[in-house]
Amino acid sequence: MMDTKDWKVTEAPTCPHCKAEMEQMDSRHLDWDSPYLWVCYNNECTLFKKGWKHMMEGYGQLVSYRFMIHPQNGDAGVIPAFSHDYLARYGKPGNPYADE
Ligand SMILES: [Zn+2]
């Protein structure tokens, strides 16, 4: 387990876009310097829904993004929701310590 006492956000935050409780996403394989990120997985999230529309109209691509918060510094941002393969592997709630 990592020492998380200096982390800004270690309790599930609430998404400012849809008020859903955010969930941990395993990000050990990603470039975020953190074993997990807080991600809003609500498919009704206004940011997520707007993203699909925006990307489809603007780029003709079926991708979107989800709202996320970095647990260590509390920075808010978005994380792309790419392909179905990617989502099936990493884009769902998961325990970042599962296979340690
Ligand atoms: Zn949301």
Side-chain angles (χ1 to χ4, degrees):
M1 276 298 225
M2 294 181 90
D3 180 3
T4 60
K5 77 173 170 0
D6 293 329
W7 293 20
K8 291 228 167 75
V9 187
T10 54
E11 307 260 318
T14 300
C15 175
H17 299 280
C18 66
K19 310 292 177 227
E21 191 172 283
M22 295 170 74
E23 296 180 75
Q24 292 183 352
M25 184 189 83
D26 180 352
S27 62
R28 288 171 301 168
H29 308 283
L30 305 175
D31 214 6
W32 292 98
D33 293 326
S34 179
Y36 71 86
L37 298 170
W38 291 111
V39 174
C40 173
Y41 280 104
N42 179 8
N43 287 334
E44 298 303 312
C45 182
T46 50
L47 182 117
F48 182 65
K49 292 214 306 204
K50 238 191 282 174
W52 288 117
K53 199 159 178 287
H54 174 78
M55 295 301 277
M56 200 60 201
E57 284 169 1
Y59 306 97
Q61 288 182 341
L62 203 53
V63 293
S64 185
Y65 31 83
R66 293 182 185 276
F67 182 71
M68 69 119 204
I69 290 176
H70 196 286
Q72 291 172 25
N73 54 24
D75 280 356
V78 293
I79 187 158
F82 311 108
S83 69
H84 286 294
D85 273 1
Y86 184 89
L87 285 175
R89 262 185 97 178
Y90 302 119
K92 61 188 177 196
N95 179 352
Y97 307 107
D99 49 39
E100 276 177 17

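Numbering of ligands and ligand atoms starts at 1, following listing order.
Within the 3.5 Å criterion, the main-chain N or O of G77 finds no donor-acceptor partner in the side chain of D75.
Judged as a side-chain hydrogen bond (donor to acceptor under 3.5 Å, both in side chains), and not counting sequence neighbours, K8 has no contacts.
No side-chain heavy atom of M25 sits under 4.5 Å from any side-chain heavy atom of W32.
C45 approaches H17 most closely through the heavy-atom pair SG-CB, 3.7 Å. For the residue pair V9 and W38, the shortest heavy atom distance occurs at O-NE1, 2.9 Å.
The number of protein N/O/S atoms found under 2.8 Å from the Zn ion (ligand 1) is 4.
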- Message: Using side chain to side chain contact (heavy atoms under 4.5 Å, CB included), reason through H70 and S34 one step at a time and then give a plain yes or no.
- Response: CA-CA 8 Å; H70 196 286; S34 179; 3.7 Å; yes
